[in-house]
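Side chains are part of it too, since the values below use all heavy atoms of this structure and drop only hydrogens, waters and symmetry mates.
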There are 2 protein chains.
Amino acid sequence: MTATTPGTSPDSAAAPVGRRERKKAATRRAIADAALRLFLERGYDAVGIREIADAADVSTTTLFKHFPVKEALVFDEDADQEQRLLDAVRNRPAGQSVPAALRDHALSSRLVAAGGDDRFAAFAELVATTPALRDYGQKMWLRHTDALAEVIAEVSGLPADDPACRALAHFALEAPRAVHGHDNPREAVTRAFDLLEQGWEALTGKNT
Amino acid sequence: MTATTPGTSPDSAAAPVGRRERKKAATRRAIADAALRLFLERGYDAVGIREIADAADVSTTTLFKHFPVKEALVFDEDADQEQRLLDAVRNRPAGQSVPAALRDHALSSRLVAAGGDDRFAAFAELVATTPALRDYGQKMWLRHTDALAEVIAEVSGLPADDPACRALAHFALEAPRAVHGHDNPREAVTRAFDLLEQGWEALTGKNT
DNA sequence: CTCAATAAGTGCAACAGCTCAACTTTTTTA
DNA sequence: TAAAAAAGTTGAGCTGTTGCACTTATTGAG
């Protein structure tokens, strides 16, 4: 879940550094673009590393210097997805609970699809239909557990090492996966978050 | 988490079937035993498939006919761990909530360790210190999500396709992992389940 | 401006996990 | 007793991934 736009990525707030780093970034993008194109054309498992390297005109060694594993070619990491996640909790509307903020964030960022960006839809389907990619995506997503748990402790006033914070963080990040397979994913996710919200309210005494 | 005793497995309620299946089981155990011995001696990553096959005096092809992937050599599946899980929910003490039953089950079956079976301790450490094994174990454990969700729906009277059932099942199975790393795991797990219990109580209206 | 230090990239060989295609042996079924 | 099915074997081979030794290109310091 959550990766940069397929193809040419939006060069966000990239420091306009030396010529060296620019070349490096160019190579990186050449590889990622070639990979994504091939994956979309013929499927993830049907495309080999050597083939991608050839298409990008680099050696496999170089490829692995940019991407540690094959799956990473698809999840061309978005540097500030974690920041957005934490912001969603910190800057939530007044009176909204933490779980509710996390629910809204999940609903708006994932499987929103509606927008109709064609390339993005194809990308989402690729991930959804390839087990290796789903697993890897979820693993990457869970990397934010610690940071999220910390912010939750912050805004809720609980001690930073209260296991309840980590639990809520983990469960919230797992929520989409937990209800996977339901028709109407939005409703399912909402219901999963209801469980967390009610529990959290009881644990923290109804405040925030 | 949760696998048979290391080494010779307890041949539970094995149907005393034909000579063929006995030989098959013997081969299987020879492989699993050789693998576990080598893993404990030198570490999971330091032992290759070919080496295990040699030690058990079979070909690698044969090995993979018994165990689909390398990790499965360690998790020599316990057939009725799912049954015990479901029973813990179905036959819980009168007046106990579903999440509480799941908590008790988690606390008693996992990391109980205290008993002091030496071989089991070494086995547990092997799993705990090898990321590939931890991940695989969790994945296997999550396989019970569907069955558990069904039982939860049953005993709580909710519609079988209510996403809340799947959510509770998934979260409960993830709970140990969610609070991983805390000193005093029992307390941490308990707190994670508190969150679920309070939420569940609110969703189901305090009954069961 | 030159020169060494550093980082990016190359080519190739090799390993580890895993699969495939044929073929043999044993057991079961008919 | 013949034939079908299951288990095993061999051996080659594919794919992801790493290590090693080596070539450039960029850069920063003197």
Side-chain angles (χ1 to χ4, degrees), chain A residues 14-36 38-39 42-76 130-137 139-140, chain B residues 14-36 38-39 41-75 130-137 139-140:
Chain A
V17 282
R19 324 200 128 77
R20 195 180 199 145
E21 316 215 6
R22 236 178 302 144
K23 276 200 160 189
K24 181 174 178 175
T27 306
R28 181 190 178 83
R29 215 149 56 193
I31 297 173
D33 286 358
L36 193 59
L38 291 172
F39 288 157
R42 326 212 311 263
Y44 180 76
D45 294 314
V47 182
I49 288 289
R50 286 151 179 99
E51 195 175 353
I52 297 169
D54 278 359
D57 206 43
V58 297
S59 68
T60 73
T61 312
T62 300
L63 187 155
F64 277 110
K65 251 172 206 155
H66 284 275
F67 303 90
V69 294
K70 189 186 181 187
E71 288 90 343
L73 287 165
V74 172
F75 293 94
D76 205 349
T130 310
L133 291 180
R134 282 211 318 265
D135 290 356
Y136 185 81
K139 211 169 174 174
M140 291 290 100
Chain B
V17 282
R19 324 199 130 75
R20 191 179 199 146
E21 315 217 6
R22 238 178 300 143
K23 276 199 160 187
K24 180 173 179 178
T27 306
R28 182 190 177 83
R29 223 164 36 205
I31 297 172
D33 286 358
L36 192 60
L38 290 172
F39 289 157
E41 276 174 22
R42 323 211 313 261
Y44 180 76
D45 294 313
V47 182
I49 288 288
R50 281 143 179 109
E51 195 174 353
I52 297 168
D54 279 0
D57 205 43
V58 296
S59 70
T60 76
T61 311
T62 300
L63 187 154
F64 278 111
K65 248 172 208 155
H66 285 275
F67 303 90
V69 294
K70 189 187 180 187
E71 288 89 343
L73 287 165
V74 172
F75 292 94
T130 310
L133 291 180
R134 281 212 318 264
D135 290 357
Y136 184 80
K139 210 170 175 174
M140 289 293 99

Rounding to a whole Å, what distance do you find between [X]:[atom1] and [N]:[atom2]?
{"X": "A:L38", "N": "D:dT15", "atom1": "CG", "atom2": "P", "answer": "14 Å"}
{"X": "A:F67", "N": "D:dG16", "atom1": "CZ", "atom2": "C1'", "answer": "16 Å"}
{"X": "A:R22", "N": "D:dA25", "atom1": "CZ", "atom2": "C1'", "answer": "14 Å"}
{"X": "B:F64", "N": "D:dT15", "atom1": "CZ", "atom2": "C1'", "answer": "13 Å"}
{"X": "A:E71", "N": "D:dT17", "atom1": "CD", "atom2": "C1'", "answer": "12 Å"}

**Fill in**
Going 5' to 3' through nucleotides 6-16 of chain C and flagging B where a protein heavy-atom sits under 4.0 Å of the base, S where only the sugar-phosphate is that close, and - otherwise, we get BBSBBBB-B--
**Request:** Taking only Lys NZ, Arg NE, NH1 and NH2, and the carboxylate oxygens of Asp or Glu, determine whether A:D76 and A:R29 approach each other closer than 4.0 Å.
**Result:**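 No.
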**Item:** side chain to side chain donor-acceptor pair (under 3.5 Å) involving B:D135 - partner list, sequence neighbours excluded
**Value:** A:K139
**Item:** Partner residues of A:R42 under the side chain to side chain donor-acceptor pair (under 3.5 Å) criterion, sequence neighbours left out
**Value:** A:E51
Side-chain donor-acceptor pairs under 3.5 Å in residues 55-70 of chain A, sequence neighbours left out?
unit_1, atom_1, unit_2, atom_2, d
A:S59, OG, A:T62, N, 3.2
A:S59, OG, A:T62, OG1, 3.1
A:K70, NZ, A:Y44, O, 3.2
A:K70, NZ, A:V47, O, 3.0

**Request:** Check whether any side-chain heavy atom of B:V74 sits under 4.5 Å from a side-chain heavy atom of B:Y136, and report yes or no.
**Result:**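 They are not in side-chain contact.
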**Request:** Quick one: list whatever passes salt bridge (Lys or Arg N to Asp or Glu O under 4.0 Å) with A:K24, sequence neighbours left out.
**Result:**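 Counting only residues at least two positions away or on another chain, A:K24 forms no salt bridge (Lys or Arg N to Asp or Glu O under 4.0 Å).
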